[in-house]
Every structure is written in structure tokens, then in C-alpha cells.
Amino acid sequence: MTTVGVIGLGYVGLPLAVAFAQEGCEVIGVDIDPRKVEAIRAGESYVEDVPSATFAELGERLHASTRYGELARADAVLICVPTPLSRNREPDLGPLIDSTRALAEVLRSDQLVVLESTTYPGTTRERVAPLLEESGLAAGRDFHLAFSPERVDPGRTDFTLRTTPKIVGGLTNACAERAEALYGLVCDHVVRVSSPEAAELTKLLENIFRSVNIALVNELAMLTDRMDIDIWEVVDAAATKPYGFMRFEPGPGMGGHCLPVDPFYLSWRAREFDMATEFIELAGKVNQQMPYHCVAKAQRALNDRGLAVKGARVAVVGVSYKPGVGDVRESPALKIISLLRELGAEVLYHDPHVPVLGEFALESTPLEQAVADADLALIVTAHPGVDHELIARRARLVLDLRGVTRRASTANVVRL
Ligand SMILES: NC(=O)c1ccc[n+]([C@@H]2O[C@H](COP(=O)([O-])OP(=O)(O)OC[C@H]3O[C@@H](n4cnc5c(N)ncnc54)[C@H](O)[C@@H]3O)[C@@H](O)[C@H]2O)c1
């Protein structure tokens with residue numbers, strides 16, 4: 001039986017740990033957050049894609065701990081810790097360095113180590129390998145090392161870990177072979193690339209592609225606002241082209257742990273090569289502008305009805321960064337709420353996935369009450385199951401940033 005260690009039991013690590021345990025592996029999950037470890041031990045999931053009932057089914061096969069020592073008996077260890085940006089928007093490899101150092105202390109020969117965290121090309125070879133080699137073992141000779149980016153899309157059900165091809169780049173051929181065999185247990189299709197650097201850049205290309213295309217359609221949305229053209233109609237029409245066009249939706253900006261963060265790992269690294277990655281910077285700039293544009297649009301919509309933002313009650317509908325999840329990291333809704341508050345609005349919110357917004361001392365208000373009480377209902381994130389048509393029918397004024405009220409063309413609805 002294969003024993004798999006997973007370091008970092010968050011949105012990425014926990015589903016991965018569960019997938020290996022479901023395939024019959026013994027899984028040792030390590031996290032420095034004792035609350036996560038206790039939750040897993042108590043059979044309570046904190047990640048939407050992992051139902052709590054799964055833990056009971058897995059029984060002893062999934063074991064969570066705060067102690068790295070237990071990883072010594074793993075055949076493979078997967079590192080899934082955060083890779084955020086520092087305050088001055090540079091890669092913060094702190095959690096990665098800490099976890100790699102701690103792993104080095106218990107590393108033993110013949111183990112396979114795979115980095116899954118998104119990062120710039122060169123991290124696995126130049127940062128992870130030397131730290132692991134402080135164990136006295138040599139990467140590629142005494143232990144195997146690879147990079148395999150995580151492609152999980154929280155809340156998505158049409159593609160799973162099993163059906164989404166997994167990229168693998170090893171330090172040596174033997175490293176890649178070991179990683180390929182391991183992921184073959186949980187993925188139908190493993191795609192091998194020639195190096196960890198190619199695998200690291202593949203993940204960044206995927207995220208930058210999304211960021212740039214979202215920025216493009218967002219910039220057009222700001223233009224169509226001035227031109228009085230409906231951006232949704234234009235996107236729908238363009239999407240009828242069967243080739244050479246891919247649909248991206250405008251919206252209030254980018255959120256989550258990935259798109260607002262990962263591209264800057266590459267632009268930082270590019271500077272070492274005397275390159276300014278202008279697409280990345282420009283996309284970041286346009287997307288960061290969107291919450292301001294949306295608040296200005298809210299201000300105009302209220303103004304058209306003789307109302308000021310100051311003193312207006314605004315019900316924000318959907319505050320997580322994407323539909324179907326409760327993750328509020330980098331969510332544009334948070335920026336929108338602070339901007340509205342700065343202008344003197346009284347903000348309430350409804351989100352079935354986010355019961356409390358601690359930083360604003362707010363609790364989710366039931367939808368009908370939120371809509372009835374508000375001068376403006378602002379649809380920021382369109383969760384499935386939320387009745388947006390009801391909002392369009394009942395609210396005095398609606399600003400829809402997601403194009404979900406298109407069927408209700410009533411005079412009280414304004415769209416991005
Ligand atoms: N969330 C996503 O949708 C997604 C998708 C693809 C890739 N990624 C990438 O995967 C990585 C992890 O992201 P995430 O969303 O799972 O983050 P997360 O914050 O949900 O989970 C990371 C976990 O690592 C733990 N941790 C931090 N330092 C540690 C240490 N030294 N030792 C052990 N555990 C430690 C944290 O307590 C946390 O539980 C990031 O690089 C991210 O960019 C995320």
C-alpha cells in the first residue's frame with residue numbers, strides 16, 4: 001500500500017489527501033493549523049468540495065497531524081502550502097521555506113517529494129531542492145523531486161481531480177516517472193513535461209491567460225458603459241463564433257487566492273531576466289480598477305433616482321469571490337463594501353455561503369429582507385440557488401454586475 005503525505009490541508013491539500021485515501025492509500029496530512037487538524041479528526045470538513053461524511057468513510061486511512069515526524073514513513077510527500085504575495089507584492093515563499101525545512105528534517109532516501117503550490121519557474125530546483133538537501137540526501141539521486149501544479153477549481157463539479165489532466169515535471173526522468181505513477185492513482189491522464197520549470201510556467205500561463213482575458217472584457221465593459229452598448233449582448237454574440245473566440249465574462253474584478261496573486265510571481269521573476277511582463281501588469285491594473293468602476297456605477301444609478309450614496313442602504317448580494325463557494329479571499333465584494341462605506345452608505349449583505357463578514361462586523365441578512373430594506377441591491381457574486389429574478393422584481397433598484405438579470409428587463413435594473 002502506498003503511503004502519501006500531504007503538507008498543507010487547505011483548499012488544495014485536503015481534497016488531494018481525500019482522493020488518495022479514497023484510492024486505498026494511507027494518507028498522513030500535516031498542517032500547522034491545529035484547528036484544521038482537529039476538525040479532520042472530528043470528521044468536520046471546512047472545504048466545500050469535501051463533504052464531512054467522507055471522513056467517516058475513510059476511517060483510519062486519512063490521518064491528520066501537526067507533526068512532521070509522521071511524514072518519515074510516507075512514500076511520497078506533496079507540498080500544498082500557500083504562496084502569497086508580500087505587502088510590496090513580491091513572492092512570499094515563507095510558508096514554502098518553513099515547510100520544506102521541516103520536511104528536510106525527516107526526509108529519508110527513496111521518498112518522492114512533489115511541490116504543488118503555484119510558484120515561479122525555478123522554485124523547485126533553486127529553492128526546494130537545496131533546502132531538502134540540507135538533510136544530507138541529494139535530490140534526483142537519493143530522493144525524487146518534481147513539480148505538479150494543482151488545477152482544482154473550487155465549486156466545480158463537471159471536472160474533478162480524476163478527470164482533469166495533471167501536469168508533472170521531474171528533476172530527472174526517474175523523478176518524473178515516480179510522480180507520474182503516483183498521480184496515475186488519482187488522475188486518468190497525467191501529462192509529463194520536460195522539467196519542473198516547464199510545469200511551473202504551465203500553471204502560470206493558465207492563470208495569466210484567464211487574468212488577461214478577463215481584463216480585456218472588463219476594459220470593454222467600461223467602454224461600453226460610456227458608449228451605451230450592452231456588453232453582455234456583445235459577449236453572447238461573439239460567443240456564437242464556433243472557432244477563434246473564447247467566452248470570458250465581465251465582472252467586478254478578480255478574487256481568490258490565484259488570479260490576483262499568481263501572475264505577479266512571474267512578473268517578479270521576469271525582472272531578473274530584464275523583462276517587463278506588460279500583459280500581466282496591464283491585466284492587473286484593469287482588473288483592480290473594476291471595483292471602483294462598479295461603485296461609480298452604483299453612485300450614478302442612485303443619483304439618477306435622486307439619491308446620494310451617503311445614507312443609502314445598499315444590499316450586496318454575494319460576497320465570496322466566485323459562485324458556489326464561501327471563500328472571500330481577495331474578493332472584489334470586500335473592496336466594493338469598503339468603498340461604499342467610505343462614501344457613507346449603510347451596507348448589508350446576503351450570501352448563503354458566507355454567514356459572517358468579520359472584518360465589517362456584518363452578518364448575512366435573509367435575501368427577501370435585504371432586498372426589501374435596500375435602496376439598491378448590488379449583485380456582486382451570482383451564487384446558484386439565489387433567486388436573482390426575485391431581486392429584479394422586488395428591489396427598488398438593482399445593479400447587476402454579473403449579467404444574471406438579463407431576462408428581467410425592468411426599469412429598476414441596471415447592469416455592468
Ligand atoms: N485554492 C485554489 O483554488 C488553488 C488552485 C490551484 C492552486 N492553488 C495553489 O495551491 C497552494 C495552496 O493553496 P490553498 O488554496 O490550498 O491554500 P490554503 O490557505 O487553503 O491552505 C494552505 C494550508 O497550508 C497550511 N500551512 C501553511 N504553512 C504551513 C507549514 N509551514 N506547514 C504545514 N502547513 C502549512 C495552512 O495552515 C493551510 O491550511 C497555493 O500555492 C495556491 O496558489 C490554489
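Order of appearance sets the numbers: ligands from 1, and atoms from 1 within every ligand.
Inclusion of His257 in the set of residues having an N or O under 3.5 Å from an N or O of ligand 1 is warranted. In terms of polar-atom proximity, defined here as any N/O pair under 3.5 Å, Lys203 makes no such contact with ligand 1. No N or O atom of Asp98 sits closer than 3.5 Å to an N or O atom of ligand 1.
Classification of Glu150 and Lys203 as a salt-bridged pair fails, no side-chain N sitting under 4.0 Å from a carboxylate O.
Ring geometry for Trp268 against Tyr120 counts as tilted: the plane angle lies between 30° and 60°, on a 0 to 90° scale.
Side chains of Asp400 and Thr405: a donor on one and an acceptor on the other come within 3.5 Å. Side-chain contact annotation: Thr118 with His257, donor-acceptor N/O pair under 3.5 Å absent. For Asn173 and Arg192, the side-chain atoms include at least one donor-acceptor pair closer than 3.5 Å.
Of all the heavy atoms of Tyr265, none lies under 4.0 Å from any atom of ligand 1, so neither backbone nor side chain is involved. When non-hydrogen atoms are compared, ligand 1 lies under 4.0 Å from the side chain of Ile7 (C-beta onward) but not from its backbone.
Taking a 6.0 Å sphere around NZ of Lys335, one finds it holds 12 or fewer heavy atoms contributed by other residues, nucleotides or ligands. In this structure, Arg151 places its CZ atom where more than 12 heavy-atom neighbours from other residues, nucleotides or ligands lie under 6.0 Å away. Counting heavy-atom neighbours within 6.0 Å of Arg67 CZ, excluding the residue itself, gives a total of 12 or less.
Proximity to Pro95 (heavy-atom distance under 4.0 Å) selects the following atoms of ligand 1: 28 (N), 31 (N). Counting the atoms of ligand 1 from 1 in the order shown, those under 4.0 Å from a heavy atom of Thr83 are 40 (C), 41 (O), 43 (O). Each of the atoms 30 (C), 31 (N), 32 (N) of ligand 1 lies under 4.0 Å from some heavy atom of Ser99. Annotation for ligand 1: atoms under 4.0 Å from non-hydrogen atoms of Lys36 are 38 (C), 39 (O). Per-residue contacts place Asp33 under 4.0 angstrom from the following atoms of ligand 1 (heavy atoms of the residue considered): 37 (O). Near Pro154, the atoms of ligand 1 lying under 4.0 angstrom from a non-hydrogen atom of the residue are 3 (O). Of all the atoms in ligand 1, the ones that sit under 4.0 Å from a non-hydrogen atom of Glu150 are 6 (C), 7 (C). For ligand 1, the atoms lying closer than 4.0 Å to a non-hydrogen atom of Cys80 are 12 (C), 22 (C).
Two residues are said to be in side-chain contact when any heavy atoms from C-beta on lie closer than 4.5 Å; Val295 and Leu343 meet this criterion.
With hydrogens and angles disregarded, a donor-acceptor distance shorter than 3.5 Å links the side chain of Tyr349 to the backbone of Val356.
Residue-ligand proximity: Arg329 is placed with a non-hydrogen atom under 4.0 Å from ligand 1. Using a 4.0 Å cutoff on heavy atoms, Arg151 does not count as a contact of ligand 1.
Here the heavy atom of the protein found nearest to atom 44 (C) of ligand 1 is Val12 CG2, 3.3 Å.
The only member of Val77, Asp110, Leu132, Leu112 that meets side chain to side chain contact (heavy atoms under 4.5 Å, CB included) when paired with Phe143 is Leu132.
Considering each of Ile32, Asp31, Val6, the one bringing a non-hydrogen atom nearest atom 36 (C) of ligand 1 is Asp31.
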